[in-house]
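The structure displayed is predicted, hence computed values, not measured ones. By convention here, the first residue in the shown sequence is residue 1.
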Amino acid sequence: MEKAIITVVGRDTVGIIAKVCTFLAEQKINILDISQTIVQGYFNMMMIVDISALEKPFGEIADSLARYGSEQIGVQIKCQKEEIFDSMHRI
């Protein structure tokens with residue numbers, strides 16, 4: 001199984017989770033775990049997803065997701081492969 005980490009940050013509005021999850025489903029990305037919180041009006045979500053069934057290159061999907069977040073939802077979305085995320089956050 002290939003995994004990726006997706007983070008979503010921005011002002012809280014109605015439908016953020018639904019819109020992100022719909023985008024992921026359309027790309028055949030399965031959500032394995034999800035955590036979200038709202039702090040003083042700011043939305044923060046982290047997802048671990050399975051990207052094994054992708055039909056397009058990972059970089060193309062990550063770029064599309066980032067654009068979708070900023071242009072359609074008004075949030076910042078970052079998507080990284082699990083091994084890259086782990087390497088960047090190693091103590």
Side-chain angles (χ1 to χ4, degrees):
M1 180 183 312
E2 263 189 285
K3 294 180 186 175
I5 310 301
I6 297 174
T7 57
V8 181
V9 179
R11 282 209 176 270
D12 186 36
T13 59
V14 173
I16 295 172
I17 296 172
K19 291 173 184 172
V20 172
C21 290
T22 299
F23 180 96
L24 297 178
E26 290 169 352
Q27 303 304 317
K28 300 190 187 310
I29 297 172
N30 186 40
I31 299 166
L32 302 172
D33 200 358
I34 183 171
S35 173
Q36 66 92 31
T37 188
I38 300 166
V39 177
Q40 295 185 6
Y42 289 93
F43 178 86
N44 188 3
M45 177 168 65
M46 181 174 168
M47 307 168 108
I48 300 172
V49 298
D50 178 3
I51 56 171
S52 301
L54 286 182
E55 295 177 347
K56 297 178 185 174
F58 175 79
E60 184 179 321
I61 298 295
D63 291 344
S64 294
L65 187 56
R67 269 193 315 278
Y68 179 71
S70 64
E71 295 172 5
Q72 302 295 320
I73 310 173
V75 296
Q76 181 183 50
I77 303 177
K78 292 187 180 182
C79 185
Q80 295 177 304
K81 288 192 175 183
E82 181 182 42
E83 60 268 15
I84 302 295
F85 185 87
D86 287 344
S87 294
M88 291 177 58
H89 294 90
R90 202 170 281 148
I91 297 176

Side-chain contact test, heavy atoms from C-beta onward, threshold under 4.5 Å: evaluate it for [X] versus [Y] and give yes or no.
{"X": "F43", "Y": "V8", "result": "yes"}
{"X": "I61", "Y": "C79", "result": "no"}
{"X": "I17", "Y": "Q36", "result": "yes"}
{"X": "Q27", "Y": "F23", "result": "yes"}
{"X": "I6", "Y": "L65", "result": "yes"}

If you round to the nearest 0.5 Å, how far is [atom2] of [Y] from [atom1] of [X]?
{"X": "N44", "Y": "Q76", "atom1": "CG", "atom2": "CD", "value": "10.5 Å"}
{"X": "D63", "Y": "K56", "atom1": "CG", "atom2": "NZ", "value": "12.0 Å"}
{"X": "Q80", "Y": "K78", "atom1": "CD", "atom2": "NZ", "value": "7.5 Å"}
{"X": "C21", "Y": "E26", "atom1": "SG", "atom2": "CD", "value": "11.5 Å"}

Co-membership, hydrophobic cluster, residues L54 and Y68, 4.5 Å side-chain: yes
I73 reachable from I38 in the ILVMFWY side-chain graph, under 4.5 Å edges: yes
Which atom names give the shortest non-hydrogen contact between [X] and [Y], and what distance separates them?
{"X": "A4", "Y": "I51", "result": "CB-CG2, 3.9 Å"}
{"X": "I77", "Y": "G69", "result": "CD1-CA, 3.6 Å"}
{"X": "I16", "Y": "V75", "result": "CD1-CG1, 4.0 Å"}
{"X": "A53", "Y": "K28", "result": "CB-O, 3.7 Å"}

Side chain S52, main chain E2, donor-acceptor under 3.5 Å: yes
CZ (F58) with more than 12 external heavy atoms under 6.0 Å: yes
L32, I5, I29 screened by side-chain contact (heavy atoms from CB on, under 4.5 Å) with V49, the one that passes: I29
